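Presented below is the structure to which this report refers.
Remember, predicted model here, so these are calculated numbers, not experimental data. Both backbone and side-chain heavy atoms feed into the values below; hydrogens, waters and symmetry mates do not. Every chain is numbered from 1 and lettered A, B, ... according to where its sequence line falls, protein lines coming before strand lines.
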Amino acid sequence: MSYHTFRVFCFTCLHRHYVVHTKPFDVYVIAKRFSKASLQFSSSRSLSLGIPRRKFSLQHSKHLPFIQTLEASQTREKSGRHSEKKKTERKKAKSSPTKEKKKESVGLVIVESPAKAKTIQKFLPERYIVDSCMGHIRNLPESAKEIPDELKKLPWARLGVNVENNFEPIYTISKDKSKVVDHLKELVNSCDELILATDEDREGEAIAWHLVQVLQPKVPYKRAVFHEITKEAIIESFENLRDVHMNLVHAQEARRILDRLVGFTLSPILWKKIAPRLSAGRVQSVALAMIVQRELERITFRQSSFYNIVAKLALSPQYEINEMKEGLTAWLLAFNGKRLATGKDFDPTTGDLKKESIEEGIIHMDLQFAENLLERMMESGVTWKVKSVEKRKLSRKAPVPFITSTLQQESSRRLGFTAGETMRLAQDLYEQGFITYMRTDSPTLSNQAKIAAQKCIVEQFGRDFLQDAASSNNSPKVSKLAQEAHEAIRPAGTSFLSPVQVVNQVSPKHQKLYELIYRRTLASQMKNAEFFVTSVNIDSILEDGSIATFHTSGRTLVFEGYLKAFNEVYGIEENFDDLDDSPLSMHNKNLPALHEGQELYSFHLEPIMHSTKPPPRYTEAALIKALEAEGVGRPSTYASILETLVERKYVHRERSKGKSRTSLVPCLSAVSVVNLLNKHFPEVTDPQFTASMEEALDNIANGKADHIEYLRSYFLGEYGLQEKAKEKEKNIDSQEVRILSLPIRHENANESVQVKVGPYGPYIELIGNSTKKLNILNEMSPEELCSKTIQELVEERKGKFLGYDPESGHALFLKKGRFGWFLQLVEDNLSPESEGELEMEEEAQKRRVIKNVRLPANVNVESLDLANGLKWLSLPRVLGIDPHTGKEVVASVGPFGPYVGCDGKYISLKSGMASVFEIDLKTAVELISNPVTYQNRKKGNGSKRQY
DNA sequence: CAGTGAGCGAGCTTCCGCTTGACTT
């Protein structure tokens, strides 16, 4: 048996190993740098080594090894890589520390992400080991069980921050990070120097500090920061090492603690006053308030309609022949100098004209007005003349390179990906070295990236499309709040792979996203698009001298500019809100040349009705855009903000009719939560809170303010949050905040309706002669709540009458309960005629429940009739006596579906087994004594995993 | 369990930002 040596890279941590295998399934590993004990290999994951019909399985703890080459003899050593011999020497040095001093010292470099570690390793001299900590390694206790027992009794323990003593935080090592920490501890003990190369922002600085706190290095440690991952930048940063900036760390700590105090103080108030498990926070509550606000605007929206006249005009009286070619479309702008109303003139909450518009003397044209006017325009003697022609050259600026938020928005708009999906795809592209880091708020391109983009532009579109060096996009506006730890999102490297070149390396979705990033990066370095916009007013002079002024506009592309990068893939974009001056969105594609005083001829006039539209619901992309504009949230959290709201059942996604996009609809619980917060804690739904926090944090970072003082002033004292929360907890009337003041169209004068949110979810209260409470779905939109649905709910509550049990004479109803459908047999003292006519309360008085039987989830209730119902009603079914125990064996339906049971032991009947009605004693006893076969369990798990 | 929304009471729920995980043969 021959021995083969494989060179193996751990893909994730970049440790190098040699693998020697003797037999196909025996894998021995010689670790290059670490003791054998620290490496655990298992065969849970198979990796093809490229040898036909042979598979090897390796795993370095949880990291996936990357098998770079096959036999050592065939190893293609790149220049600059280290020879095998050199490595062996290193290993010896490692294993005998006494001799190590003579060798060159080893430096441990810690960055945040493994992919970054991999890249940086390439740029650094051999004596450095680069590893990653995967973001924050410590955190405030996530839940009650992470709080140390000895502190649990203290009043502030729940917060995880000692608010009685300088806001001292309790830090715990996150569960999923303990392995990372152990690993780094081991490394730091065997190196001579520690370099903290985490991101250059508030969070990165804090991570560096936490690393020092946790690792307790006995060797010197320093901080290195760089803006871009290039050899030059990294080397430079290593020549300019600095200390950890404690002010910056304090700013981060203040941010972290503030968020905790806000969230963990307000959430419990929601539990007490509305329902358990609700949440509030600096970021999520702002987002939620926006969504709810928009929904309320939609509910209070009143539509208004108005008419306009559209004129098709020709250049010559012989319009029949050339109408298509040279015609133009214009719409009525004003009549006798008075402007016609458009959508903007109406108040969305009343549907009436706005005050200012009325004062202006605006004309609100109805159909009759339009038709009258139209007739007068058709009379002979009416002339049409061009009154004015105005030409403007407008340019549309090339976009700036992608940052996280704009990537998510464009990816949603052009590719239909959600923010989460976009980030997952981008992560893959990043890890495989196709793009730069995807969580960034800096739109800056490095010089090498600009050069690479320019090269692509020249090659693909020509030199004419290249932006001037002095153009503004070379120094894009950076958001005031940007922390600039990374550069913009762009294709990686010093020369960009074209989208075609990546086709075979990634999935189609990845390719699409890569192409979007590629084109945006190129576009950012291209010239602006130039348009000629022509704006024309045309007078129609009526017989009595009245003047109807029409307006039209046209747009011609003079220079395609950066649009070329997009148009060839995404098609030509028609809508440019920033260029259009028509509120009725009418544009002539090919406006003929016109001059002042020119006579025109009308060949078609038509009244057109327009209606105002309610403001659209937010899409995920629009919400992210709005939050980013307010400075709320960070690139790493945009995609998860919405997930939180969905998880809390505050918001659900709804697919708009006929469109691919999904819009965000607030649930009823969200309305009550926002009600409470707006009324009692208005700052938490206000984006201004984050803005002022950022300002304070900047001062802390600059050393102008003290972080403890900041927290103290916010949380403690007479006007602090703590005191306020206590007072509110006492004074907020739970009954009052539960009520949602929603306009409900219920046309029953004898009844009033209220929507409330209780601990078990939303319900409506019908108050008439008696009070009825009816559960409604949390997802039900206020719009859907009307007389009809309320009536349906009342009917549903009554249940469906199936008939009478011939044996007992009792009535059988099919009802829907908290746990699904069930059958109810009630004693019936009523005549069949009075069925459904009595109020529920009366019914309840007259009827006594004899028996309830639940139905399994898969029963088709639509087709359930009396006979079937009686069959279910016969459950539970006694099968007989178990000879082993002497107890009764029963078949029935329980909370988990059909089962057989005996003496406290229950076994579910899976599909494929005998039904509850058919199963006999023998089969049941067998099932109970040999509960679940190995085969069965495996099947169950397998399907779960697949899902 | 069988249409609750009040209260009893132990113990729990909850925040935002960094980052990548992902369990038997």
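Taking the charged nitrogens against the carboxylate oxygens, A/Lys724 and A/Glu683 do have a contact shorter than 4.0 Å, which makes a salt bridge. Ion pairing of A/Glu205 with A/Arg223 is present here, as a side-chain N (NZ or NE/NH1/NH2) and a carboxylate O approach within less than 4.0 Å. Using a 4.0 Å cut-off between a side-chain N of Lys or Arg and a carboxylate O of Asp or Glu, A/Arg634 and A/Glu203 do not qualify as a salt bridge.
Closest contact between the side chain of A/Arg439 and the listed nucleotides B/dG17, B/dT19, B/dT4 involves B/dT19. Proximity note for A/Asn139 (side chain, C-beta onward) versus B/dC18, B/dT20, B/dC16: the nearest is B/dC16. Side-chain atoms of A/Asp199 lie closest to B/dC18 of the nucleotides B/dA2, B/dC16, B/dC18. Of all nucleotides listed (B/dA2, B/dT13, B/dG17), B/dG17 comes nearest to the side chain of A/His136. With B/dT19, B/dT4, B/dC16 as the choices, the nucleotide that has an atom nearest any side-chain atom of A/Gln284 turns out to be B/dC16. In this structure, of B/dT19, B/dC15, B/dT13, it is B/dT13 that holds the atom nearest to the side chain of A/Ala144. Nearest nucleotide to the side chain of A/Ile207, out of B/dT20, B/dG17, B/dC18: B/dC18.
Nucleotide B/dG17 holds its C1' atom 14 Å from the CD1 atom of A/Ile257, rounded to whole Å. The nearest whole Å value for the distance from the NZ atom in A/Lys116 to the P atom in B/dT19 is 8 Å. Atom CZ in A/Arg158 sits about 11 Å away from atom P in B/dT13, given to the nearest Å. A straight line from CD1 of A/Ile269 to P of B/dT13 spans 18 Å, rounded to a whole angstrom. At whole-Å resolution of the value, NZ in A/Lys179 and P in B/dT20 are 18 Å apart. One interatomic measurement links the two molecules: CG of A/Leu697 to C1' of B/dC16, which rounds to 12 Å at whole-angstrom precision. In this entry the distance linking NE2 of A/His210 with P of B/dG17 reads 15 Å, nearest Å. Atom CD in A/Glu643 sits roughly 14 Å away from atom P in B/dC16 (whole-Å rounding).
The phosphate of B/dC16 has neither OP1 nor OP2 within less than 4.0 Å of any side-chain N or O from A/Gln252. Residue A/Ser279 has a polar side-chain atom (N or O) positioned under 4.0 Å from OP1 or OP2 of B/dC15. Side-chain N/O atoms of A/Arg202 include none lying less than 4.0 angstrom from OP1 or OP2 on B/dG17. Taking side-chain N and O atoms only, A/Thr637 has no distance below 4.0 Å to OP1 or OP2 of B/dC16. OP1 and OP2 of B/dC15 both lie 4.0 Å or more from every side-chain N or O belonging to A/Thr644. For B/dA6, neither phosphate oxygen OP1 nor OP2 lies less than 4.0 angstrom from any side-chain nitrogen or oxygen of A/Arg738.
Taking atom C1' on both B/dC8 and B/dT4, the two are 16 Å apart, rounded to the nearest angstrom. Atom name C1', nucleotides B/dG9 and B/dT13: the rounded distance is 16 Å, in whole Å.
Taking the six-membered ring where the residue is Trp, A/Phe813 and A/Phe801 present tilted rings, their angle falling between 30° and 60°.
Mapping A/Gly758 and A/Arg260 onto DNA chain B by nearest heavy atom places A/Gly758 closer to the 5' end of the strand. Map A/Gly263 and A/Gly761 each onto its nearest nucleotide of DNA chain B; the residue landing nearer the 5' end is A/Gly761.
Using modelled atom types and a 3.5 Å distance limit, the side chains of A/Glu630 and A/Thr690 yield no donor-acceptor pair. No side-chain N or O of A/Tyr714 forms a donor-acceptor pair with one of A/Gln722 less than 3.5 Å apart. Between the side chains of A/Asn778 and A/Ser669, at least one donor N or O lies within less than 3.5 Å of an accepting N or O. Remark: the A/Ser636 side chain and the A/Arg439 side chain contain no N/O donor-acceptor pair separated by less than 3.5 Å.
A donor-acceptor contact under 3.5 Å is formed by the side chain of A/Asn775 with the base of B/dG5. Applying the 3.5 Å distance criterion, the base of B/dC15 shares a donor-acceptor pair with the side chain of A/Arg256. Side-chain atoms of A/Arg255 come within donor-acceptor range of the base of B/dC16, with a qualifying N/O pair under 3.5 Å.
Taking the 5.5 Å centre cut-off and the 30° plane limit, the aromatic side chain of A/Phe264 is not classed as stacked on B/dC15. Aromatic stacking is not marked for A/Trp271 over B/dT14, as the cut-offs of 5.5 Å for the centres and 30° for the planes do not both hold.
Residue contacts shown for A/Val283 are limited to sugar-phosphate atoms, with no base heavy atom under 4.0 Å away. Residue-level contact check: A/Ala280 touches the backbone only, with heavy atoms under 4.0 Å from sugar-phosphate atoms and none from bases. Contact annotation for A/Gln735: backbone-only contact, meaning every heavy-atom pair under 4.0 Å involves sugar-phosphate atoms and none involves a base. Across all strands, A/Gln427 comes closer than 4.0 Å only to sugar-phosphate atoms, never to a base (heavy-atom distances).
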